[in-house]
Amino acid sequence: LFYYKSNTENFFNFENIPNEFSKNINNISDINIIGIPKIIHHICPRDFRRWHIKWFNCYESWIRLYPSPEYTHMHWDDKELDEFIEENYSWFLEVFRNYDVNIKRYDISRLFLLYHYGGIYADMDYYCNRNFYDQLHKNKISISESPYKQNEYLQNALMISPKNNKFWLDVIEEGVKRWNNGNIDYIKNNVVLYLTGPQLVSDVYKKHKSKIKVLPIKQYNPKKNSADFDNPNVYTKHYCTFSWSNH
């Protein structure tokens, strides 16, 4: 699905995704939308061999239901994220490059991307059943509720935002504070969730509840193995492949 093979390589060809899915995949220069920009962000390696098997169908669902040229799909790999931070947010570069695992960079990058561009961020293991753009609040951030309340109230796997919403800077600022001043024992045990992940987003959300629309579990994030998970009428569902734990 959407890749080429040669004798030595097996890489996703972002520049040559079939026209019926994406004609302007990396072109955002002409986008000027009030409210939620029609941009879909994914963070993923270009090497297909690093993709979880679930990612292929999930990714295809977004480019099928959010077709170009109406929607622009942006794909970010490690190198591009580093260049994006260096070019636009150099004040954060030292922290960014000193994270010990990539998932922390992916977590924090999605916050910067939503602040900088706006649009929809979705993890690669988030499947979309139906286009929900018209259901979104045009002037608020929307974040999916977590069905795993023992870990966090919100998940950072599906987040939607207008451009330049200060909430993301507040989350990033709190993340820097935790990086510099956090309880070391707690960080060791909850390092990703607490420092850059859904616990961080959930904790800052508690200070800004009136500014955030929570996307309900039943429609946007049903728990795996629940009756709702395979309901074709849900908008989205999260497979929770945890592939980031290997990178």
Side-chain angles (χ1 to χ4, degrees), residues 14 22 25-26 28 31 33 35-45 52 54-55 58-63 65-66 68 71-78 80-82 84-85 88-89 92 96 102-128 131-133 135-146 152 154-172 175 192-193 196-202 204-205 208 211-215 220-221 235-244 247:
F14 289 88
S22 187
I25 198 159
N26 290 316
I28 62 162
I31 295 176
I33 298 173
I36 307 297
K38 291 186 173 182
I39 303 172
I40 315 295
H41 298 278
H42 281 108
I43 295 175
C44 54
H52 188 281
K54 291 286 188 184
W55 291 11
C58 291
Y59 177 76
E60 185 274 338
S61 72
W62 291 94
I63 57 175
L65 293 170
Y66 296 82
S68 294
Y71 296 90
T72 297
H73 293 259
M74 300 188 70
H75 310 85
W76 302 88
D77 63 13
D78 295 352
E80 290 165 338
L81 290 174
D82 186 86
F84 167 74
I85 297 295
N88 298 288
Y89 303 98
F92 190 76
F96 184 81
N102 280 335
I103 182 54
K104 295 176 189 173
R105 283 182 278 273
Y106 303 155
D107 276 343
I108 213 73
S109 293
R110 66 192 70 179
L111 310 179
F112 279 105
L113 292 174
L114 288 173
Y115 175 75
H116 193 88
Y117 295 111
I120 299 172
Y121 168 82
D123 272 359
M124 288 295 291
D125 56 0
Y126 230 101
Y127 186 87
C128 190
N131 185 314
F132 56 86
Y133 183 83
Q135 304 300 313
L136 297 172
H137 193 297
K138 299 301 185 258
N139 299 309
K140 281 188 176 183
I141 287 172
S142 298
I143 305 176
S144 61
E145 183 180 3
S146 174
E152 68 277 323
L154 301 176
Q155 283 193 344
N156 63 344
L158 178 65
M159 304 188 292
I160 299 102
S161 179
K163 182 179 179 180
N164 295 333
N165 191 298
K166 187 179 179 294
F167 171 77
W168 302 117
L169 298 183
D170 292 341
V171 180
I172 292 163
V192 173
L193 298 179
T196 60
Q199 284 183 6
L200 172 65
V201 175
S202 297
V204 179
Y205 155 76
H208 302 276
K211 301 177 183 178
I212 309 297
K213 177 182 178 181
V214 176
L215 301 175
Y220 291 91
N221 197 11
Y235 287 111
T236 57
K237 58 184 180 181
H238 189 200
Y239 278 100
C240 299
T241 59
F242 297 109
S243 294
W244 54 264
H247 302 294

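Scope of the values below: all heavy atoms of this structure, side chains included, with no hydrogens, waters or symmetry mates.
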- [ ] Evaluate the side-chain proximity of Ile143 to Asn156: yes if any heavy-atom separation is below 4.5 Å, no if none is.
- [x] no

Task: Spacing of Leu111 atom CG and Leu169 atom CG [to the nearest 0.5 Å] - done: 9.5 Å

Task: 4.5 Å side-chain heavy-atom contact, Tyr71 and Trp62 - done: no

Task: Glu145 versus Asn221, side-chain donor and acceptor atoms under 3.5 Å - done: no

Task: Between Glu152 and Ser202, a side-chain donor and acceptor under 3.5 Å - done: no

Open item on the list: Using 0.5 Å steps for rounding, measure from the OG1 atom of Thr196 to the CD1 atom of Ile172.
Closed with: 11.5 Å

TODO: Report yes if some heavy atom in the side chain of Lys211 is under 4.5 Å from a heavy atom in the side chain of Phe167; otherwise report no.
DONE: no

- [ ] For residues Cys58 and Ser61, report the shortest heavy-atom separation together with the two atoms involved.
- [x] O-OG, 2.5 Å

Task: Pairwise side-chain contact, Leu154 with Ser146, heavy-atom cut-off 4.5 Å (strictly under) - done: no

Open item on the list: Is the distance from the ring center of Phe112 to that of Phe92 below 6.0 Å?
Closed with: yes

Open item on the list: With a 4.5 Å cut-off on side-chain heavy atoms, are Pro45 and Asp78 touching?
Closed with: no

TODO: To the nearest 0.5 Å, tell me how far Leu193 CG sits from Leu200 CG.
DONE: 10.5 Å

- [ ] Run the salt-bridge test on Arg105 and Asp82 with the 4.0 Å N-O cut-off and return the result as yes or no.
- [x] no

TODO: Answer yes or no on whether Lys54 is positioned over the face of Tyr127, meaning its NZ or CZ is under 6.0 Å from the six-membered ring centre and within 45° of the axis.
DONE: no

Task: Pairwise distance CG(Asn102) to CG(Asp107) - rounded to 0.5 angstrom - done: 11.0 Å

Open item on the list: I need the Tyr121 OH to Ile40 CD1 distance, nearest 0.5 Å.
Closed with: 12.5 Å

Task: Exercise: do Ser109 and Trp76 side chains pair donor with acceptor under 3.5 Å - done: no

Task: Minimal non-hydrogen separation, Pro37 against Ser161, with atom names - done: CD-O, 3.7 Å

Open item on the list: Quick check with a 6.0 Å cut-off and a 45 degree axis cone: is Lys138 positioned over the face of Tyr133's six-membered ring?
Closed with: yes

TODO: Would you please indicate yes or no on a ring centroid separation below 6.0 angstrom for Phe84 and Tyr89?
DONE: yes

Open item on the list: Is it the case that the side chain of His41 and the backbone of Gly118 share a donor-acceptor pair, with hydrogens and angles ignored and the cut-off at 3.5 Å?
Closed with: yes

- [ ] May I ask you to test the Pro162-Ile141 pair for a side-chain heavy-atom distance under 4.5 Å?
- [x] yes

Open item on the list: Checking Ile160 against Leu215 for the side chain to side chain contact (heavy atoms under 4.5 Å, CB included) test, could you report, in this order, the C-alpha distance in whole Å, the side-chain angles of both residues, the deciding distance, and whether it holds?
Closed with: CA-CA 10 Å; Ile160 299 102; Leu215 301 175; 3.7 Å; yes

Task: NZ on Lys163 to CG on Leu114, rounded to 0.5 Å - done: 13.0 Å

- [ ] Spell out, as yes or no, whether a donor-acceptor pair under 3.5 Å connects the side chain of His137 to the backbone of Lys140.
- [x] yes

Task: Pair Asp125-His52, side-chain donor/acceptor within less than 3.5 Å - done: no

- [ ] Using the test side-chain hydrogen bond (donor to acceptor under 3.5 Å, both in side chains), find all partners of Tyr220 that sit at least two apart in sequence or belong to another chain.
- [x] none

Task: Donor-acceptor contact below 3.5 Å, side chain Gln135 vs main chain Phe132 - done: no

Open item on the list: Does any part of the side chain of Leu158, heavy atoms only, come nearer than 4.5 Å to the side chain of Asp123, both counted from C-beta?
Closed with: no

- [ ] Would you indicate whether the side-chain heavy atoms of Ser144 and Tyr126 approach each other to under 4.5 Å?
- [x] yes

Open item on the list: With a 3.5 Å distance limit and no angle check, can you tell me whether His238 reaches the backbone of Gln155 through a side-chain donor-acceptor pair?
Closed with: no

TODO: Examine His75 together with Tyr59 and report whether their ring centres are nearer than 6.0 Å.
DONE: yes

Open item on the list: Between Tyr235 and Cys128, is the side chain to side chain contact (heavy atoms under 4.5 Å, CB included) condition met? List the steps.
Closed with: CA-CA 6 Å; Tyr235 287 111; Cys128 190; 5.9 Å; no

